[in-house]
Amino acid sequence: MKYTQLGRTGLTVGRLVLGTMNFGPHTTEADSHTVMDTALDAGINFFDTANVYGWGENKGDTEKIIGSWFAKGGGRRDKVVLGTKVYGDMTPDKTAWPNHDRLSALNIRRSVEASLKRLGTDHIDIYQFHHIDRRTPVEEIWQAVDTLIAQGKILYAGSSNFPGWKIAQANEAARRTGGYGLVSEQCLYNLFERRAEMEVIPAAREYGLGVIPWSPLHGGLLGGVIRKEAQGGRRAAGMAVERLADAGVRERIQAYEDLLERQGLAPGEVALAWLLSRPEVTAPIVGPRTVEQLAGAVRALELELGEELLAALEEIFPGPGPSPEAFAW
């Protein structure tokens, strides 16, 4: 495993983040434990989850699975940099009640306590805002965060799905009160979806945030979807096949797969290696359902993409360019 610092912090994390969204809905508790053990054996030390994972009536189940894994001992909790998220409504479906979602001080306090209980730990290393809250003043959010840091219940705060201007607003507000501010941003970023390069990544770079891309294969679109479609039919490739119906997408993905087939390279591993080659990226999130999928992600760490291949990928998937040049002169 290769390691790096998370943004401007002194925290050392591996170049891959273990995403746990499949734990519960698609991967059994026993298999989830095996995936986590395998990840730890591979040197992956940053595990990411969210309070809503498990979804529907099972929201919180993923945190419980991680908690039961921690409870096995063997230094598991001490070896893991643990991140979870807050924002979504945690009441059971169709029983929504005020103040059980978003980023009010009340919901942040309630959600931290509930996550700590489910995770079976006394602290969360990186507590992340899953989405922006257009109603809660940022000063209120930081007051709640600073209290939790003082209590030792969280160590750092991070964001997810924030636009660049919100990253700036949040960190300027923290600076005014002497707070540390956001240390990481989880954003949708991959070869196919590169709009984060316009403002989100520049803002993260300016304020010293680690960039943690989610959906590095864009829902499977960059994982060899056309080849899988030919081998197993539409159902085998799932939602990625549906995206191929969008104008111009199939042609670009076909060119991508043809390029890598000529090189003898696996599409999913190349998509991860491309993200790892970006200087602003700390570590992409991989969400394996199985140990085999995890092994493929780990192989990407050793894959060096040459300049010629990078140029060919850039031709197929050109970036938008920085702001404002992307939409103005």
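The aromatic rings of Phe317 and Phe192 sit perpendicular, their planes meeting at an angle over 60°, well past the 30° parallel limit.
Side-chain contact, Ser104 with Glu140: no donor N or O sits under 3.5 Å from an acceptor N or O. His123 and Asp125 share a donor-acceptor pair across their side chains, judged by distance under 3.5 Å alone. Looking only at atom types and distance, the side chain of His33 has a donor-acceptor partner in the side chain of Ser68 under 3.5 Å away. For the residue pair Gln128 and Ser160, no side-chain donor N or O sits within less than 3.5 Å of a side-chain acceptor on the partner. In summary, the side chains of Glu139 and Thr177 do not present any donor paired with an acceptor at a separation below 3.5 Å, with no hydrogens or angles considered.
Checking side-chain atoms of Glu257 against main-chain N and O of Val225 turns up a donor-acceptor pair under 3.5 Å. Side-chain N or O atoms of Glu63 include none that pairs as donor or acceptor with a backbone N or O of Thr49 at under 3.5 Å. Within the 3.5 Å criterion, the main-chain N or O of Lys153 finds no donor-acceptor partner in the side chain of Asp122. Between the side chain of Thr38 and the backbone N or O of Val291 there is no donor-acceptor pair closer than 3.5 Å. Not a single donor-acceptor pair under 3.5 Å links the side chain of Ser184 to the backbone N or O of Gly158. Judged by distance alone, with hydrogens and angles left aside, the side-chain atoms of Arg15 form a donor-acceptor pair with the main-chain N or O of Val281 at under 3.5 Å. A donor-acceptor contact shorter than 3.5 Å links the side chain of Thr9 to the backbone of Leu6. No donor-acceptor pair closer than 3.5 Å links the side chain of Arg278 to the backbone N or O of Leu275.
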| request: Let me see the working for Tyr189 and Trp274 under ring pair (Phe, Tyr, Trp, His ring centres under 6.0 Å), right down to the final yes or no. | output: CA-CA 11 Å; Tyr189 183 41; Trp274 181 84; 5.7 Å; yes
| task | For the pair Asp89 and Arg102, evaluate salt bridge (charged side-chain N to carboxylate O under 4.0 Å, His left out) and give the outcome as yes or no after the intermediate values. | result | CA-CA 7 Å; Asp89 184 1; Arg102 299 182 181 265; over 6 Å; no
| After noting the C-alpha distance and the side-chain angles of Gln169 and Lys166, does the key distance pass the side-chain hydrogen bond (donor to acceptor under 3.5 Å, both in side chains) rule? | CA-CA 5 Å; Gln169 181 193 50; Lys166 266 295 187 181; 2.8 Å; yes
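Evaluation of the ring-ring contact (aromatic ring centres under 6.0 Å, His included) rule for Tyr53 yields Trp55 as partners, not counting sequence neighbours. Residues satisfying the side chain to side chain donor-acceptor pair (under 3.5 Å) test with Arg194, not counting sequence neighbours, are Glu197, Glu314.
Other residues, nucleotides and ligands contribute over 12 non-hydrogen atoms within 6.0 Å of the NZ atom of Lys2.
A heavy-atom distance below 4.5 Å is found between the side chains of Asn190 and Leu222. In this structure, Leu18 and Val80 have side chains that are not in contact, with every pair of non-hydrogen atoms separated by 4.5 Å or more.
The residues Arg195 and Glu193 are annotated as salt-bridged, a charged nitrogen and a carboxylate oxygen being separated by less than 4.0 angstrom. No salt bridge links Glu185 with Arg205; every basic N to acidic carboxylate O contact stays at or beyond 4.0 Å.
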